[in-house]
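As a basis for the values below, the full set of heavy atoms in this structure was taken, side chains included, without hydrogen atoms, waters or symmetry mates. Owing to the predicted nature of the structure, the values given are computational and were not obtained by experimental measurement.
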Amino acid sequence: YSQKMVKSSLQSGAFKYIVALCLLYPGSAIFAINPNNVTTCLGSPAVFTCVTDVSVPINWLINGTQVQSPPPTIPLTPGPGSQSTLSVTATNELNGASVQCHYLSPGSLTVVPSPPAYLSVQAPPSAPTNLTTTALNATSVLLAWGPSSGAQSPSLFYRVLVTSGNG
């Protein structure tokens with residue numbers, strides 16, 4: 001069922017009445033789960049999910065443009081409902097993009113969009129700064145460095161690769 005609120009005003013002498021009716025259309029869906037905002041790193045997947053309360057095909061829009069190869073709509077079991085999950089690779093071009101799912105309401109044959117979710121793409125950090133090494137003994141070395149620059153979030157770890165060689 002889908003809801004539509006209808007308001008009407010009635011004038012009777014000095015009193016004004018406002019009547020609000022909630023109309024339900026059988027066969028229409030509502031979003032049980034709207035897509036959420038996603039923040040991810042450049043090149044990583046960004047995943048958006050929509051769920052409706054009845055079985056309807058779900059389509060996707062990115063910046064108001066229909067996704068050409070939408071992911072499949074999966075019927076929920078048990079009971080009625082549909083789920084669709086859109087996964088896109090985070091690119092600079094998609095930074096700030098609005099993402100919406102929508103369906104064609106079977107009760108009223110109107111397109112019903114979800115509220116928009118937004119994609120925030122973060123650039124990877126640069127290399128650490130001020131790298132210094134201090135030999136501790138024949139098999140150990142102490143590494144020290146300063147923070148990377150340009151990152152929108154702090155680096156959680158660095159991977160150190162040790163190789164043997166001369167010089």
Side-chain angles (χ1 to χ4, degrees), residues 1-5 25 27-134 141-165 167:
Y1 289 93
S2 175
Q3 301 181 47
K4 182 176 182 184
M5 186 66 74
Y25 296 102
S28 294
I30 60 171
F31 288 107
I33 297 176
N34 292 310
N36 291 316
N37 295 338
V38 173
T39 299
T40 191
C41 293
L42 185 66
S44 297
V47 179
F48 300 89
T49 300
C50 274
V51 176
T52 62
D53 67 340
V54 298
S55 294
V56 292
I58 298 172
N59 291 300
W60 290 89
L61 301 170
I62 296 179
N63 289 332
T65 301
Q66 180 83 27
V67 172
Q68 293 303 313
S69 299
T73 299
I74 301 168
L76 298 179
T77 55
S82 297
Q83 176 176 327
S84 181
T85 300
L86 175 68
S87 180
V88 296
T89 300
T91 63
N92 286 326
E93 293 79 22
L94 288 177
N95 188 28
S98 79
V99 178
Q100 290 178 279
C101 55
H102 68 93
Y103 64 87
L104 183 62
S105 175
S108 62
L109 298 179
T110 58
V111 174
V112 179
S114 70
Y118 296 94
L119 174 58
S120 177
V121 180
Q122 295 184 343
S126 63
T129 59
N130 303 322
L131 179 64
T132 60
T133 59
T134 305
V141 66
L142 174 67
L143 298 176
W145 59 83
S148 59
S149 63
Q152 296 175 358
S153 62
S155 299
L156 299 178
F157 65 91
Y158 289 99
R159 183 173 296 163
V160 177
L161 176 63
V162 178
T163 59
S164 62

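Contact record, H102 with F31: CA-CZ, 4.1 Å, taken as the closest heavy-atom pair. Closest approach of P113 to Q100, counting heavy atoms only: CB-NE2, 3.7 Å. Minimum interatomic distance between L61 and V67 (heavy atoms only, all atoms of both residues): N-CG2, 4.3 Å.
S82 places no side-chain N or O within donor-acceptor distance of the main-chain N or O of P57, the cut-off being under 3.5 Å. Using a distance-only test at 3.5 Å, with no hydrogens or angles considered, a donor-acceptor pair links the side chain of N95 to the main chain of V121.
For the pair T85 and P71, the minimum side-chain heavy-atom distance is 4.5 Å or more. Two residues are said to be in side-chain contact when any heavy atoms from C-beta on lie closer than 4.5 Å; C101 and F48 fail this criterion.
The distance from atom CG of L76 to atom CG of D53, rounded to the nearest 0.5 Å, is 10.0 Å. A distance of 15.0 Å separates CH2 of W60 from OG1 of T65, quoted to the nearest 0.5 Å. Taking CD1 from I62 and CG from L94, the interatomic distance works out to 6.0 Å, rounded to the nearest 0.5 Å.
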Please list, one pair per line, the donor and acceptor atoms closer than 3.5 Å that link side chains of residues 33-44 to other protein atoms, with sequence neighbours excluded.
unit_1	atom_1	unit_2	atom_2	d
N37	OD1	Y118	N	2.8
S44	OG	C41	O	3.4

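Applying the side chain to side chain contact (heavy atoms under 4.5 Å, CB included) test to L143 and every residue at least two apart in sequence or in another chain returns T133, W145, V160.
Between Y103 and the choices N59, V112, V111, T110, the side chain to side chain contact (heavy atoms under 4.5 Å, CB included) rule is met once, by V112.
Neither side chain, S84 nor T73, offers a donor N or O lying under 3.5 Å from an acceptor on the other.
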